[in-house]
There are 6 protein chains.
Amino acid sequence: MRKDNRKTNELRSILMTLDYIKYPEGSVLIEFGDTKVICNASIEDRVPPFMRGQGKGWIAAEYAMLPRATEKRNIRESSKGKVGGRTMEIQRLIGRALRSVVDLNRIGERTVWVDCDVLQADGGTRTASITGAFVAVVLAFDQLIKAGKIKKMPVTDFLAAISVGISSNGTELLDLNYGEDSEAYVDMNIVMTGEGEFVEIQGTGEEATFTTNQLQAMLGLASDGLKRINDIQKDALGQAAGSIGETKKTKEDTP
Amino acid sequence: MRKDNRKTNELRSILMTLDYIKYPEGSVLIEFGDTKVICNASIEDRVPPFMRGQGKGWIAAEYAMLPRATEKRNIRESSKGKVGGRTMEIQRLIGRALRSVVDLNRIGERTVWVDCDVLQADGGTRTASITGAFVAVVLAFDQLIKAGKIKKMPVTDFLAAISVGISSNGTELLDLNYGEDSEAYVDMNIVMTGEGEFVEIQGTGEEATFTTNQLQAMLGLASDGLKRINDIQKDALGQAAGSIGETKKTKEDTP
Amino acid sequence: MRKDNRKTNELRSILMTLDYIKYPEGSVLIEFGDTKVICNASIEDRVPPFMRGQGKGWIAAEYAMLPRATEKRNIRESSKGKVGGRTMEIQRLIGRALRSVVDLNRIGERTVWVDCDVLQADGGTRTASITGAFVAVVLAFDQLIKAGKIKKMPVTDFLAAISVGISSNGTELLDLNYGEDSEAYVDMNIVMTGEGEFVEIQGTGEEATFTTNQLQAMLGLASDGLKRINDIQKDALGQAAGSIGETKKTKEDTP
Amino acid sequence: MRKDNRKTNELRSILMTLDYIKYPEGSVLIEFGDTKVICNASIEDRVPPFMRGQGKGWIAAEYAMLPRATEKRNIRESSKGKVGGRTMEIQRLIGRALRSVVDLNRIGERTVWVDCDVLQADGGTRTASITGAFVAVVLAFDQLIKAGKIKKMPVTDFLAAISVGISSNGTELLDLNYGEDSEAYVDMNIVMTGEGEFVEIQGTGEEATFTTNQLQAMLGLASDGLKRINDIQKDALGQAAGSIGETKKTKEDTP
Amino acid sequence: MRKDNRKTNELRSILMTLDYIKYPEGSVLIEFGDTKVICNASIEDRVPPFMRGQGKGWIAAEYAMLPRATEKRNIRESSKGKVGGRTMEIQRLIGRALRSVVDLNRIGERTVWVDCDVLQADGGTRTASITGAFVAVVLAFDQLIKAGKIKKMPVTDFLAAISVGISSNGTELLDLNYGEDSEAYVDMNIVMTGEGEFVEIQGTGEEATFTTNQLQAMLGLASDGLKRINDIQKDALGQAAGSIGETKKTKEDTP
Amino acid sequence: MRKDNRKTNELRSILMTLDYIKYPEGSVLIEFGDTKVICNASIEDRVPPFMRGQGKGWIAAEYAMLPRATEKRNIRESSKGKVGGRTMEIQRLIGRALRSVVDLNRIGERTVWVDCDVLQADGGTRTASITGAFVAVVLAFDQLIKAGKIKKMPVTDFLAAISVGISSNGTELLDLNYGEDSEAYVDMNIVMTGEGEFVEIQGTGEEATFTTNQLQAMLGLASDGLKRINDIQKDALGQAAGSIGETKKTKEDTP
């Protein structure tokens, strides 16, 4: 039993409030227990310079935490004048993950800006961001379809992320909260599609190491948890969920 | 009658959700119509270098908007690598205003960091920030009192802020929303104490000018509106409101 | 009587040296007592990106102090790598004030860059900057007229600024020097047109507050002082002063 | 058969030139085929602020590429004024990996700075960096032992890294060069100890996905390749290799 | 004959206004023809970190131009967020030159900050800066002596600088103005002591080359001109000039 | 006799490894004793904004040191977020020197980027950079000729650089290593053409001064040394050396 009375393979309660902010094309407030992240998807009618003229779109993500999203207040990155390494890693991860389930050929020369802003952090902010951002992006594309700007949902499959880890007493755990995460020997983030394929695996011995058996156990926990999260996403999206997977990723999309 | 059916001297609906974020010593989500700002007050047990060794405290404010708090997405200041002039003006204003009603001699060598983060902007974000930050700061001091770190509430009076302006057809308006603000000839922000004294007046002809009579009319609208806002603050604070004004600003506090 | 033997409603001696620097289209060295500011107006034959294609011009201001313009040497903002909040506030104020009395529709797609560089600071540098910059801008437009690039003086009225305040013993004062300013309870900057209309009011209780009566007293002092400053500007400008106000601000100019 | 005539499970030729630069405590020029990286380990007799007073050491890594290490010249990060996201990710990875096999309790309050500078890049620069940096760090500790500053080799096991991936025709490949990497569907970097335990797994579908079977195949390729690389490291280190593993990672070392 | 009717070996008219700014310990407005530079010397009672604990002082220089000191307006370095290469070269040169004639052992752990701010640039701003800064520094040390903080003038000799060059028709010229400088094939700045020894020679073929004979001719012109400048400095300094050279540079001073 | 047994007029051993890096159009690893610098010349098919539309080319240089190129590790300029004054001075010098022997009219609207990266520093890194960069640039132009993009070698003469100085005991020395340089009273860098004309003289009394006789002695040492270096460059370049000087610098090239 874990401190918050969860079983080792139990997710925290997950809530999604759709259309939380009124301006973005897609907006979701996602909560994993006490972790709260606003995921906003904005459509811009042009692509970054390196993509111009290819008739394809792009998805870019930014991630930030409010200064007091954490136990101790952090200095704003805008005050420091630069974005830190952890932030960059996370925003690169979110963007890459979302692009893996979107057929960028079908959205025209548009950029989807995904902003994940953590209001309150209690572990798993990057995986909550990916999970919520996926829903926000589907909402944004749904608006594009309704506005007649694109014809079909370009999202080829569901996408969600979760953390797993190994506690200091050697137990594999699903969905670590901050207390668990800061004491864990191993920390792993898994991003998977609805079909159960891997999009990203990032496993780190926190100045420790782990065996092949431990790896398999963690992958198993993650895989089961992610199926349940896909169901929650489907419920939240309602009718819009039906269009996911209508298009398949075209070969040309892979660079 | 205004587009949203308000009278010229009518406030938007004002909501405050206390303890919105769990970590800060004081936390308030304030809403003025569709404007939503999280105001978090954090206590740090030291003061900035220029204040050290005086036995007094300090209040510093930071202000930011989520990229999609507005109709059109803004580039993050952390990505730009610098904080813009408008942001700096606003955070200097918030800090100055709060310091005017706190006896800094009574809080020891502590800094209160006030973070105002705009989730959704529909006009009046700086005045909503001051109004909500005041409540967050009272909550934070209340915690300090309960923890036995300070003896008495160091807040000497209520504090709130509101915008007034002159529309393009010459009408004076209270509490402008974004649509009204962007069309106004004159824009003025007033910060006042519960006793009805001015803390700050910032009036700007938006590349226009205004007469003494128009100034008086705007000051009157603001004064009435701010009294109503003080009542809302009092209700929200409940018991903690009672201790406001128990101490008077000491002479030594003014630099 | 004040330390420098002025009456409470007395200005310091004001001097303007026109054409102080040889390269700018308009150049003024303005002195308010020991405060010395070089105000240079430069014409650039294009506008910033957000103004392009509208057939209108723009006025942008920059403000800086030499490191040893003050009692204690300040670190250069170029060395710090960023422009501080106080500087940004002041340069935004100067630009906004000047634009309020210029019909930007009449100057073509040109930018007037106004550089206010403080050589020696003894209080009131921002109001001296606005007062001197107004004269420099008129000189620059006069050159444009003489060069046949614009037809009429686009300046619709005189413009000047002054500081007023309340001393620690409760007296309202006009045109505070540095010693007075640093001890004042309330500090207010007023920008007014020749017609006596307000362009900008910025009043700040320096961690203190002020009443409506005190506000009125300060506005009265400022209004009288500004009329005298307008006369000094008129004398300095000579013949060029005659063309001010020939054009009226067009309605389309207000955004 | 691959374009450069390697088998799918074949490493490129690996060369290490020890003591390549004369000043650092440990210095290695490592080559994986045409990829050339200088790995310098420098000992500094203090730790970063967050580690002070714990009696422990720290290992920090920095990574950079010469502008013309690549086909097309890159702009220097010093000219841009900021370090990019990719660079930050890599240097965080290198530091974390090295710390997993060093007992930081045994090195006193010292920082080992590891600089990995890529002279020529042909794929696998981050894994070559980790592999070479490990050797440089052992050399640096060997010097500390010879100088009598520490007693025993604090390195608890061998450490090496390699990339694996899935080519666009679905074949799993070991040690991808730049041409292969840029066409691959999946790209994975594995860091392992000499005992065959994982330190880090970073697998990314390059806007694609991969199955559990493909994951297992890649892990197998990596595991075999890394054993061969450990042998090359052992040969290069000669006598110093003997002391690796003499100390075991103490429990207290894990945060 | 040159465009401004000077002979090839003729200086422009040189003016120095001492105590131009009231706050600095030493202040000089220097004019070489239309080139105008304010040179302020400020005493700070501590040295930079790399000098601490040696009982010696330091001299550091900063150089800047007002945006409209030139024909065409320049963007401020504070707005760009970084100091350019030309500026850095010049401020390093000024500091180095001044340190060559000051016995830093005699000034205690103090820093002399020398700020050279160009109000109007017409060629030779860096040599005017050195020449004026020398006088400002002597004034500042004179104040230290009068305040009883140091005993003797630590300045060991006079110091001045001048530019020489070769015009596009092959004539060697002394003290080039901007028009001459921008057309010159060769540009050379010479810094010399009162004794006629070199402190600095910086000669540059502006994408051209020059012979040994041309070098000798330029050195001769500079040497003669600098003697005349020393006389002007002596006159300006009056009584304070008498103390220059009372102390000799101690051997220990050279690093 | 010097510490490393060289005579006062003796160069260190000089080695050049051509085509050291495979990607650049010209690449040289140059060694002056223990000083090792990679000089890469890259051709870009466009010029910087200020050169566009003139039909001419440009040469720009960048210089950097690996953090542990020196006895003590230096912080990377990319980590500091800005390029230091010394670096800027050196890269401006390298670019200027190279442009003096290239007829920029003959290379079309192309930029040659010269990157000088110091792997190991033992004095004279800037002069080694110029000497090696000259060879790299000739190699790059030779490739352009072979590719039929330009017709003739645009390099008008040989170019090399060397340092000379005066030791603390008053002896003039050629090609100072780091130990000698850090103790020298005077430090001078000379850049000369194959014809023996000066391109650049930068002589600095390191907080000391030097006489005309000492200057002449140093110029003599440099001139002799540079002839020997030109021979080494000629040998290294082989056949490509023959084309140097085929074209003469056109008058129009000088700005």
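By convention in this document, chain letters (A, B, ...) are assigned in the order of the sequence lines, proteins followed by strands, and residues within each chain are numbered from 1. Heavy-atom basis, side chains included; hydrogens, waters and symmetry copies ignored. A quick note: this is a predicted structure, and the numbers were derived from the prediction, not measured.
- In this structure, OG in E/S27 is found 8.0 Å from CD in C/Q120, a value given to the nearest 0.5 Å.
- If you measure heavy-atom distances from E/D122 to chain C, the contacts under 4.5 Å come from both the backbone and the side chain.
- Both the backbone and the side chain of E/E25 come within contact range of chain C, with heavy atoms under 4.5 Å apart.
- Considering all non-hydrogen atoms of both residues, E/D117 and C/P67 come closest at OD1-CD, 4.0 Å.
- With chain C as partner, the option from E/E71, E/E77, E/E44 having the largest number of non-hydrogen pairs under 4.5 angstrom is E/E71.
- For a residue to count as touching a neighbouring chain, one of its non-hydrogen atoms must lie under 4.5 Å from one of that chain's; by this rule C/R68 touches chain E with backbone and side chain alike.
- Contacts between E/T70 and chain C at a heavy-atom distance below 4.5 Å involve the backbone alone (N, CA, C, O).
- Here the shortest heavy-atom pairing between C/A64 and E/R76 reads CB-NH1, 3.3 Å.
- Across all non-hydrogen atoms, the minimal contact from E/K36 to C/Y20 is NZ-O, 3.9 Å.
- Of the two parts of E/K22, the backbone and the side chain both hold a non-hydrogen atom closer than 4.5 Å to a non-hydrogen atom of chain C.
- The number of heavy-atom neighbours closer than 6.0 Å to NZ of E/K80, taken from other residues, nucleotides and ligands shown, is above 12.
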Given the rule in the side-chain contact (heavy atoms from CB on, under 4.5 Å) test, do E/L66 and C/D115 qualify, once you have shown the distances and angles that lead to the verdict? CA-CA 8 Å; E/L66 295 199; C/D115 289 293; over 6 Å; no
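- Only the side chain of E/N40 has a heavy atom closer than 4.5 Å to any heavy atom of chain C.
- Within 6.0 Å of OH on E/Y178 lie no more than 12 heavy atoms contributed by other residues, nucleotides or ligands.
- Only the side chain of E/I38 has a heavy atom closer than 4.5 Å to any heavy atom of chain C.
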Under the criterion side-chain contact (heavy atoms from CB on, under 4.5 Å), I'd like the reasoning laid out for C/E62 against E/I75: C-alpha separation, chi angles, the key distance, then a yes or no. CA-CA 10 Å; C/E62 292 196 345; E/I75 299 173; 5.9 Å; no
